[in-house]
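Residue numbers begin at 1 in each chain, while the letters A, B, ... track the order of the sequences.
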There are 2 protein chains.
Amino acid sequence: MSQLRRGILQFCVLALLRDGERYAFELVRELCDAHGLVTSEGTIYPLLSRLRKEGWVNTVWKESDSGPPRRYYTLTATGRRALDEFAGEWGPFKTAVDNLLDSEESHE
Amino acid sequence: MSQLRRGILQFCVLALLRDGERYAFELVRELCDAHGLVTSEGTIYPLLSRLRKEGWVNTVWKESDSGPPRRYYTLTATGRRALDEFAGEWGPFKTAVDNLLDSEESHE
DNA sequence: AGCAGGTACCTTGTTATGCATGGTACTTCC
DNA sequence: GGAAGTACCATGCATAACAAGGTACCTGCT
């Protein structure tokens, strides 16, 4: 279900931005195709607005050779810290869920 | 953040119930203390109501030696299927997130 | 010229769900 | 008889994913 992605998607976006600047349409494709995470534009645009308001990303407009101009997103220092912090929480969280699921599964 | 637990908590509850019947107060303690997942009663009671409406759990009232009566929850066959289905989705999802976080981390 | 299709941006409204808060009732102990 | 602990529950808020719908630019076909 889509509730799974709650609170995680934004950090997936930050992780992709750590690799270099991206624009929204590109992010949708990468997250949708490659990882089965996400999603639709309706998810990404509000999400990116939030990241901007938090000061986790900066943006620059650039012309495109083929189509309308693109708004490119880059990670700020604050954004990087937020991402690192999440990475630190994700591990324990994942382990806790794994333990719950696995320990019960082995009872059968 | 608490958004992490979205859509996962209910399956953690189902997983605990696979191990045997529990009552709500007990579930709060187990999920809160042991796993750092969760939470408060305000989370668990509505959640259990939903599980009942879905037909994923059954309940029986039992007297307690020390305190008010307890409502015990048990897993139904439908609930078990739902849990198994989630377990099948959790693995790939986890891997997808791990890949995103790790691959970027190793760039530094 | 005009139109379709693709690319790119965005907003609004719905829905799901975690949590805070507050309320009831039973038992035990001082 | 009052406080603390155990147990149940409901109401309301905030958040975030998603669907749906809207604008605008470019290319290519006819």
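Rounding to whole angstrom units, CG of residue A:Leu4 and P of D:dC18 are separated by 10 Å. Whole-Å rounding puts the A:Arg52 CZ to C:dC9 P distance at 11 Å. To the nearest angstrom, C1' of C:dT7 lies 18 Å from CZ of A:Arg22. As rounded to whole Å, 13 Å separates atom P of C:dA8 from atom CD of A:Glu63.
Side-chain N/O atoms of A:Tyr23 include none lying less than 4.0 angstrom from OP1 or OP2 on C:dC9. Residue B:Tyr45 places no side-chain N or O under 4.0 Å from the OP1 or OP2 atom of D:dC9. The shortest distance between the side-chain N/O atoms of A:Arg71 and the OP1/OP2 oxygens of C:dC10 is below 4.0 Å. Phosphate proximity of D:dT6 to B:Ser66: absent, as no side-chain N or O sits under 4.0 Å from OP1 or OP2. For A:Thr43 and D:dC18, the shortest distance from a side-chain N or O to OP1 or OP2 is below 4.0 Å. The side chain of B:Arg29 contributes an N or O atom lying less than 4.0 Å from OP1 or OP2 of D:dA7.
No hydrogens or angles considered: a donor-acceptor pair under 3.5 Å links the side chains of A:Ser49 and A:Arg52.
Tested against A:Thr76, the residues A:Leu14, A:Asn58, A:Leu51, A:Leu17 include a single side-chain contact (heavy atoms from CB on, under 4.5 Å) partner, A:Asn58.
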Side chain to side chain contact (heavy atoms under 4.5 Å, CB included) between A:Glu41 and A:Phe25, worked out: CA-CA 7 Å; A:Glu41 300 178 44; A:Phe25 223 71; 3.4 Å; yes
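Nearest-nucleotide positions on DNA chain C for B:Gln3 and A:Ala24 put A:Ala24 closer to the 5' end. DNA chain D is contacted by both A:Gly42 and B:Ser49; B:Ser49 maps to the nucleotide lying nearer its 5′ end (nearest heavy atom per residue). With the nearest nucleotide of DNA chain C identified for both B:Leu47 and A:Leu48, A:Leu48 has the one nearer the 5' end. The nearest heavy atom of DNA chain D to A:Asp65 and to A:Ser40 marks one nucleotide each, and the one closer to the 5' end goes with A:Ser40.
Note on B:Gln10: only backbone sugar-phosphate atoms sit closer than 4.0 angstrom, heavy atoms only; bases stay farther off. Using a 4.0 Å heavy-atom distance criterion, A:Phe11 is classed as making no nucleic acid contact. When heavy atoms are screened at a 4.0 angstrom cut-off, A:Arg6 is found touching base atoms of the nucleic acid.
Comparing atom distances between the A:Trp61 side chain and each of C:dC19, C:dT12, C:dC9 picks out C:dC9 as nearest. Comparing D:dA7, C:dT7, C:dT11 by their nearest atom to the side chain of A:Phe25 picks out C:dT7. Of all nucleotides listed (C:dA25, C:dT11, C:dT7), C:dT7 comes nearest to the side chain of A:Pro68.
B:Trp90 and B:Leu47 fall within a single hydrophobic cluster, where Ile, Leu, Val, Met, Phe, Trp and Tyr are joined by side-chain heavy atoms under 4.5 Å apart, directly or via other members.
The pair A:Glu26-A:Arg70 does not meet the salt-bridge criterion, since no charged nitrogen lies less than 4.0 angstrom from a carboxylate oxygen.
Evaluation of atom-type donor-acceptor distances gives no pair under 3.5 Å for the side chain of A:Arg70 against the base of C:dT7. With hydrogens and angles ignored, a donor-acceptor pair under 3.5 angstrom links the side chain of B:Glu41 to the base of D:dC8.
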